[in-house]
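These notes concern the structure reproduced below.
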Amino acid sequence: MSVLVDRASRVLIYGIAGNFGRFSVRDLAAYGTKPVAGLAPGRAIRDVDGVPVYASAAAACREHGANAALVYVPAPMALDAVLEVIDAGCKVIVYPGDGLPVQDAIDMRAAAREHGTVLVGPNTPGVISPGEAKLGFMPSFCYTPGTLGVISRSGSLSYEACWRLSGEGLGQTTVIGIGGDPVKGLNAAEALELLHADATTAAIVYLGEIGGSDEDAVARYAARPDAKPTAALVVGAAAPPGKKMGHAAALVGSQADSQAAKVQTLRAAGVHVAAGLPQLAAAARSALARVNK
Amino acid sequence: MSVLVDRASRVLIYGIAGNFGRFSVRDLAAYGTKPVAGLAPGRAIRDVDGVPVYASAAAACREHGANAALVYVPAPMALDAVLEVIDAGCKVIVYPGDGLPVQDAIDMRAAAREHGTVLVGPNTPGVISPGEAKLGFMPSFCYTPGTLGVISRSGSLSYEACWRLSGEGLGQTTVIGIGGDPVKGLNAAEALELLHADATTAAIVYLGEIGGSDEDAVARYAARPDAKPTAALVVGAAAPPGKKMGHAAALVGSQADSQAAKVQTLRAAGVHVAAGLPQLAAAARSALARVNK
Amino acid sequence: MLMIEHAGKALLRSHGVAVPHGQLVRETADIEQWRGPYPAALKAQVSSGGRGKAGGVARVETPDEARAAALRLFDSEFQGERPSALLIEPWLGHERELYLSIVVDGGYGGYAVLYSPNGGVDIEAQQPSVYEVGPAHNFRAHALRALLSRAERDTALVERIVAMARRLLRVATVSDALTVEINPLAVIDGKLLALDAKIARDEAAAFRHADIAQECAHRRTHEAARVARALDNNLMMVALEGEIGLISGGAGMTMAVMDMIAAAGMRPACFLDCSSNPTPAGYRLAFALLDEDPAIKAILVSIFGGGTHIDRVARTMSEIMRERRCAKPVVFRMNGNGRDAADAIMTQAGLCNHQRLEDAVAAVHALGTRA
Amino acid sequence: MLMIEHAGKALLRSHGVAVPHGQLVRETADIEQWRGPYPAALKAQVSSGGRGKAGGVARVETPDEARAAALRLFDSEFQGERPSALLIEPWLGHERELYLSIVVDGGYGGYAVLYSPNGGVDIEAQQPSVYEVGPAHNFRAHALRALLSRAERDTALVERIVAMARRLLRVATVSDALTVEINPLAVIDGKLLALDAKIARDEAAAFRHADIAQECAHRRTHEAARVARALDNNLMMVALEGEIGLISGGAGMTMAVMDMIAAAGMRPACFLDCSSNPTPAGYRLAFALLDEDPAIKAILVSIFGGGTHIDRVARTMSEIMRERRCAKPVVFRMNGNGRDAADAIMTQAGLCNHQRLEDAVAAVHALGTRA
């Protein structure tokens, strides 16, 4: 099974004529997910590799039953593009872009929630349910079907982590990149609820980093009596305080933001925390070993 | 009959401890309308003339079933106060204050519409249904029950006009002060719909002025085949162009804003337009004479 | 409050809108400071419209031409207004001139975006495309795009206009502007540049904008002294050329009485609405302002009070009449909340309070013809 | 981007928030310009916290004391930062010190208002009242009033705090601020005055705020030269004191590799994330920056590409290695979209691409110990 995306996903690609858009047309199709239509505002284009281009998301959804969207536009246009696909009725939206003003992220998130839409992003590679469907640009070969639900604040770290898990025979139900920005369409607490409700997901792997409060949400979840067993990796032990480490939210401002404090909080809640990337698969295995005990 | 207010109206007075609030406690009661509760933020007061004071509009509505509100607060606090009584569930709100930033008026209006609430104001004396109920501070003696529905952009002009109409035996169903600001909670078009739907209202009297577009809405209404007969007075013939005449919206910017242009538009739509205040009652009588013809 | 073009462009620039790099010229000698290129545009900074047609914009090729044009512009009047300054900017060649504005639309209860593919001086004659936004958070780029794609063929340009409209709407909300009008909005190498800026700020929002408060105060110092005194004391006053002084309450009622004065063949000397300061101090100032104006032959006090209780006003009037050292005749007509007590107070003070406005205007007329 | 106190207060004032009338002191001699009263407060303008505890605020009674304090403050460091300027203000007596701030709350997905009845230097120890607003249009004065009335007994003061919170929230949205913190917020004669201002602007919003864009550019000129070069070219760089250079992609992955380097007993020389500019020019600059740093003994290239296709990266790397005139050893570990083609390119260029990160780190370690 899967959350957010499945074989019935019909994808609208917003910004289909750019590099990312053109790549995803081929890449999604290769994974068995249908890119049914695209938008290329400002360009007079009829189709990209046979995928028809429309003047509006509403028309694309109406003509092709698109129910999911992948939005590749620069930050200054992002709020408008996301509002458009929300209004058009797409129920799952991935916005991978970075550099989005936090205020626009707040507005996006509020609009999505008001319409019962799940927005994943900003600053995310998207969502993949191995063997089922993908809505994003992560390297497909890293993933295999299985019983782990994965949540990550970082894109490339999630590729590396899942590549390792897959290599050790630890497949995934769904991998959700929640992104590295302070305000997220889907935050860790909400992603956890989705995986918690998914019957096929036996255990959860969380990939966190310094700064922000998502790790507290993971600890709160893990402390619940009905929580699924959870493993985690928190990166940024070597990061100096007071410096933004690439992601807008990855900054050690107070003691609670540090890698050590987050690890302590997670361990206290019963999370299997890996000391580093090389120990992640073992931590995930420990979590799985607790399933149905 | 009446629109907006009636004998079942139970009034919350926001700002009950100020001069206007204290006056309205007595004045409404004298007219048979119940001031059931009040708010006086920042003041430690238990009651005003026996009307209990609460810490929140929600508590006042819950305890006393208030369904209408009269909001007497200065402009910088007005949006917050109106949002509070909307949230508390009052379905008719009068905000008489002037000097409200237009942006706050826009937000008030949008919030009211979203909640199915009718907001009257800003910059209005309120609403009165003669012999039934009042929600405002207009001089009660000016009004008598009858069959004219009255809409006015100006407060004192509506007192004068209704005092004249009453003196000539031309009573009113409901008199609505829509206010002199550019953005109104209830505009002329919307007030017309209320009076149009009211079975007891036989004809309509509209009191307009230079600037704005409400007179166009009246003309559009009057041109409808099912329109009730309508009389009007438009003041500001002697106003020079380019100068704001007290009301934020009363300014002749373009030719269409002038008194002469508005009179022409209204007459073309079949409205009985009075040449001046002294001719208003005759115009209203002409409109009434057309009823059921 | 209309910002002068230079201030409006500075506001736009601070929000990331492209405008020409200009300089303010406060006196002709400032032309020497201009480091930009020639040809340049020299533009009179006035708040009245139709400046372009009235010769308020000059194209100058050299510093000498610039000085000559500056002298001429400083010496010109545009609808009665002398420019407070000039703006000098590079004269930019452009492919097209568009029209784009954000306005507040009372009928719709919020903001609207207006667009015309043909900007320039003759915009009044155009029928612009109108996108009714309502509250700003209702703005939808796709709705505007759909509208523009009917008015504008250049699809790449449509995207820039949509982005610009979004930006201008943000300027409107952030700065409490009632109008943000760019005309012309130039297209240069496919990009947009605001060649003019007409931004009207909401004076009611002065409590949250130090710049509006400052500018309002500054402009009052340029009003006629007595109008400034009135405004400083919360009396809404517009001075007119007439002989009948009017002390009134309520904007609509004041206009109605002005119209009746005019209908009776007289001329009102002012719009003077005291309803925002119906205190003894407010009315005393109102009388002082009208008493000292030699053009005014008689004063009509017309108040129909709701929030203003006229028994209190009557008490104030009787006091003022007792103290007053001016022989100009005053005619009263007060009605409204507290009228019975007011009538008693006036009678006791030996003053006549007319019951009907017609009677009061007739009484003034009788006086006026004698004056 | 944290605004210095003086700029933050100017922003607050422009939005109608009361702040003391202060003056900026850029050098000690500027003290002579101070026309305000004594005693005065002299405050170091630094972006680090805990200034008060660290002696960064001086109370001065006379111009002589002010000069002495200025000399001392200009010569002090606060968490390694020298003050760029000082702020001199009247020293104001007040009844109480409160704490009020607007922050962005990631968990809730929007803004939050934080209040404590006890402001001042020890706020970290307080448990403030938290009103979770979410998007700004969800602000409800009555919800905040209900919360504050539990934390604050003075009902008249509660109203002022509610109004101030509404104003500060507007400042946050209008200026794209992530934090607007007033600590202390003084109560003087029952009124509120912002004695300090900590305002953090959102750098991502620079495209719509000329002041953010300018300040970001200005601060880069104060960064170490090589960090400035990196940032100017869209490479996210944080310089560290270590000997292992790291060229990486993705913030989380970069930190994971840094942690592995540290776990292996080495020290990373930098956080250097090239994912925003994964072009030949970007990677060339990354190499140039690390090659010229004598402290760096070896370079690890670690990229797991999704959006960045690593066949293209591999092509770039083989070119750079061919051109490069620096003997520092480089270890590669690239994986992700396009990995098969990438492996072929690397092999053809005679370069080793490690399959596992552990192997790459071990290879670096082997080099590092030799270095």
Side-chain angles (χ1 to χ4, degrees), chain A residues 20 23 27 75-76 96 98-103 106-107 109-110 113 125 136-139 141-142 152-160 163 180 182-184 187 189 207 209-210 212-214 216-217 233 235-240 242-250 254 259 275-278, chain D residues 48-49 79 104-111 124 134-138 172-173 176 178 202-208 236 238 240 242 248-263 267-268 271 273 275-276 303-310 335-339 356-358:
Chain A
F20 274 81
F23 169 71
D27 182 55
D98 67 349
L100 184 73
V102 168
Q103 193 172 171
I106 291 171
D107 288 349
R109 177 183 157 89
R113 289 166 67 93
F137 57 78
M138 62 288 288
F141 70 84
C142 298
S152 180
R153 284 174 64 187
S154 165
S156 50
L157 180 60
S158 70
Y159 318 153
E160 174 81 36
W163 181 71
V183 172
K184 302 167 175 68
N187 62 28
L207 304 169
E209 57 195 38
I210 53 173
S213 59
D214 283 308
D216 295 332
L233 170 67
V235 301
K243 294 280 185 182
K244 191 162 71 181
M245 304 303 278
H247 284 161
S254 70
Q259 195 262 0
L277 254 182
Chain D
S48 45
Q79 296 186 19
V104 168
D105 178 333
Y108 191 69
Y111 299 97
E124 280 81 9
H137 66 258
N138 280 2
T173 56
D176 274 302
L178 304 177
D202 186 353
E203 290 168 29
F207 66 82
R208 61 187 174 211
M236 297 299 110
V238 177
L240 303 169
S248 185
M253 190 59 192
T254 306
M255 285 189 273
V257 179
M258 287 165 62
D259 290 353
M260 283 177 72
I261 290 171
R267 295 183 308 167
F271 170 100
D273 175 1
S275 59
S276 295
I303 294 163
F304 208 121
T308 304
H309 293 217
I310 61 152
N335 199 347
N337 277 326
R339 63 173 174 163
R356 301 189 333 137
L357 193 51
E358 284 84 339

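Chain identifiers are assigned alphabetically (A, B, ...) following the order of the sequence lines, protein sequences preceding nucleic acid strands; residue numbering begins at 1 within each chain.
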Contacting moiety of [X], where chain D heavy atoms sit under 4.5 Å:
| X | answer |
| --- | --- |
| A/Arg109 | side chain |
| A/Pro278 | both |
| A/Met245 | both |

Atom NE2 of A/His247 and atom CG of D/Asp273: how far apart are they, to the nearest 0.5 Å?
-> 7.5 Å
Would you give the length of the straight line joining atom SG of A/Cys142 to atom CZ of D/Arg339, rounded to the nearest 0.5 angstrom?
-> 7.0 Å
If you look at every heavy atom in [X] and [Y], which pair is closest and at what distance?
| X | Y | value |
| --- | --- | --- |
| A/Pro139 | D/Gly305 | CG-O, 3.2 Å |
| A/Ser156 | D/Gly250 | OG-CA, 3.4 Å |
| D/Gly107 | A/Ser213 | N-OG, 3.9 Å |
| A/Gly236 | D/Asp259 | N-OD2, 2.8 Å |
| A/Val235 | D/Ala256 | CG1-CB, 3.6 Å |

If I measure from the heavy atoms of chain A, does [X] come under 4.5 Å with its side chain, its backbone, both, or neither?
| X | value |
| --- | --- |
| D/Ser276 | side chain |
| D/Glu203 | side chain |
| D/Ile303 | neither |
| D/Arg208 | side chain |

When heavy-atom pairs shorter than 4.5 Å are enumerated against chain D, which of [options] gives the highest number?
| options | answer |
| --- | --- |
| A/Arg113, A/Lys244, A/Arg153, A/Glu160 | A/Glu160 |
| A/Gly136, A/Ala189, A/Ala238 | A/Ala238 |
| A/Val183, A/Leu207, A/Asp214 | A/Val183 |

Kindly assign one of parallel, tilted or perpendicular to the pair D/Phe304 and A/Trp163, based on the angle between their ring planes and the thresholds 30° and 60°.
->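 Perpendicular: the ring planes of D/Phe304 and A/Trp163 meet at over 60°.
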Picking from D/Thr173, D/Asp176, D/Asp202, what satisfies side-chain hydrogen bond (donor to acceptor under 3.5 Å, both in side chains) with A/Gln103?
-> D/Asp176
State, yes or no, whether a side-chain contact exists between [X] and [Y] at a heavy-atom distance under 4.5 Å.
| X | Y | value |
| --- | --- | --- |
| A/Leu277 | D/Met260 | yes |
| D/Met255 | A/Ser154 | no |
| A/Lys243 | D/Phe271 | no |

Just give me the residue among [options] that pairs up with chain A most often, heavy atom to heavy atom, under 4.5 Å.
| options | answer |
| --- | --- |
| D/His309, D/Arg356, D/Arg267, D/His137 | D/His309 |
| D/Gly110, D/Gly109, D/Gly106 | D/Gly109 |
| D/Gly307, D/Gly249, D/Gly134, D/Ala262 | D/Gly307 |

Partners of A/Phe137 by ring pair (Phe, Tyr, Trp, His ring centres under 6.0 Å), sequence neighbours excluded?
-> A/Phe20
Please identify each residue that fulfils side-chain contact (heavy atoms from CB on, under 4.5 Å) with A/Gln259, with sequence neighbours left out.
->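 side-chain contact (heavy atoms from CB on, under 4.5 Å) list for A/Gln259, sorted by chain: A/Ile210, A/Val234, A/Ala237, A/Val263.
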